[in-house]
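One structure below.
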Amino acid sequence: MQMSGLSQTARRGASFSRVRRVIAPGAWSIAALVIGALAAMPIIAVLIAAPSGGFETIAHLARTVLWRYTANTALLMLLAGSIAAIVGTGCAWLVAATRFPGRRILAWALVLPLAVPPYIAAYVYADLLDFGGPVQTGLRAATGWVAGDYAFPQIRSLPGGAFVLGIVLYPYVYLLARTAFAAQSRRQVLAARSLGASPWTVFGRIALPAARPAIAGGLALVLMEVLADFGVAEYFAIPTFSTGIFRSWLAMGDRQAALKLAALMLVFVVFLVWIEARTRAGRSESRDGLASSRGEDPLVRLSPVSQALAFAACALPLLLGFALPAGWLGWLALGEAALTGAGDLWSYIGSSLWLGLATALVCLGAAFVLVVAKSRARGRLTLGAIRVATLGYALPGALLAVGLLAPLGALDVGLTHFARDELGYTNGLILTGTGIVLVYALSVRFLTVAFNTLDGGMSKIPPSLDAAARSLGAGPTRVFARIYAPLLAPSAAAAAALVFIDTLRELPATLILRPFNLETLATRTYRLASDERLAEAALPALMLLAAGLLPVLLLTRTGKSRAMRKTVTKD
């Protein structure tokens, strides 16, 4: 009987231990759960709205525009993803396995197109390649042709949008593919070459299959950016889910249609998140390293002609994705139109600064709570809340905006009625149309960036430091001030900078949620370019491009991929 009692006690203890692992109560866990709930609000709102109100709206959308939104979105993802995969993988293999003049510079410079927001690249290419642009104007002047005498590709089209997106987003694939190629076994490749395998055979039969998980992971990140894009699709008149949500909510005032489109868009998001998570789980660790050092011969020897072709193949994406947009904007910024159209430029800079700083501070505080909760509370519920809270970067800005406006609008109406009846408030809605909602939405979107950066810094702090300080009688405040704050300061600064810059460049969520009197550099650039006044938009666009250089130069200096820092989920 005594043994039976001990057995029951042990079973109860094991059950309690399992429950504790799931729940993990504590202040940090509760804070993480609250942050997770706030971050999940737009997803929950979209999921609730999907079946509500019957299926009449979905049936109407299916009869009119849904097939077009779905086909265009899928085709845009397919074409842009193909361009990014081919360019990124090809350049990564050339940099990793061959030697040619300029290779060392191109190895890091190929990342620079990430600094160019896609919508700004779209404005530049449209300005250059339209009928009245310098390219066609020069062509007509040189040949004497007039309109109708020649055929020229239309940049304002779905293939044109895919080209712009692919040529500025390929570094996501390039970075991960280059790392994967560098981690492969050099001896295995050399053995294949010694058996008579050609360079193409080595690439297709050995290197490419081994790097496929990393390439697929980078491609998933590219597809997330394409799905979330609004600026390119709207400017090139490509009906996609992002433009459809924007049009339904703001232009037509059809809330139900916008929410149901967001719910369908969420299916794409979930699929891409699943692909990205699967590819990260399949990546292999580095072995002896494929990339040769300074004293080693290249894996593939190139003839002088092949070296020139390899240089051109790597330089062309850099030219098209960074040098051409930056150079053309710089040229336009020197003209009088840029200064005339700048208007109240300092006001736009000030609005962007306070929005970026507010979002960075909120994300930094929330990320610190989540990082500490992850290190101290090992419960599954806490870890699940952290995973949900860090899904925001996978959510397109348009989806996030309408997902937040739906529940916050209902809450705002209730608060306004209460304030009017009890406090005599008569100034309209309290939350809607304010900077608070915009900062909230942007914080949900970019919390992933801050969390992943801080989590990387926290992983380098030995837990024994905390335990030793506690054993010596130090309280939580002193432990934070003397241990965590100094050691996490570099990671916190990097996280704040990344969130700040991403906030400056965000367009769809800012357009939908911003107060009427708020104009940022991104929205100013969008409005001027939409009116075909790119010369006047050159200065704010150039500022956004220059701001994007900071994280790109940071990742090239440290050798870490921005794509990896922005991974939508973290193991």
With sequence neighbours left out, write down each residue that passes side chain to side chain donor-acceptor pair (under 3.5 Å) with [X], or none if nothing qualifies.
X      : value
Arg156 : Asp130, Tyr235, Glu532
Thr70  : none
Asp127 : Trp328
Tyr174 : Arg178

Close side-chain approach of Leu110 and Leu175, heavy atoms under 4.5 Å: no
Below 4.5 Å, heavy atoms only, C-beta onward: do Leu357 and Trp354 meet side chain to side chain? no
In terms of ring plane angle, is the pair Tyr69 and Phe241 parallel, tilted or perpendicular, where the classes change at 30° and 60°? tilted
For residues 72-81, the salt bridge (Lys or Arg N to Asp or Glu O under 4.0 Å) pairs (sequence neighbours left out) are none
Could you give all pairs that pass the salt bridge (Lys or Arg N to Asp or Glu O under 4.0 Å) test and reach residues 72-89, with sequence neighbours left out? none
Distance-only, no hydrogens or angles: does the Asn72 side chain make a donor-acceptor pair with backbone N or O of Leu76 under 3.5 Å? no
With sequence neighbours excluded, residues passing salt bridge (charged side-chain N to carboxylate O under 4.0 Å, His left out) with Glu506: Arg445
Partners meeting ring pair (Phe, Tyr, Trp, His ring centres under 6.0 Å) with [X] (sequence neighbours left out):
X      : answer
Phe100 : none
Phe500 : none
Tyr150 : Trp145

Could you tabulate the donor-acceptor pairs under 3.5 Å formed by side-chain atoms of residues 305-325, not counting sequence neighbours?
residue : atom : partner : partner atom : Å
Ser306  : OG   : Ser303  : OG           : 3.0
Gln307  : NE2  : Leu302  : O            : 3.2

Which side-chain N or O atoms in residues 81-90 pair as donor and acceptor under 3.5 Å with protein atoms at least two apart or in another chain?
residue : atom : partner : partner atom : Å
Ser82   : OG   : Leu78   : O            : 2.7
Thr89   : OG1  : Ala85   : O            : 2.7

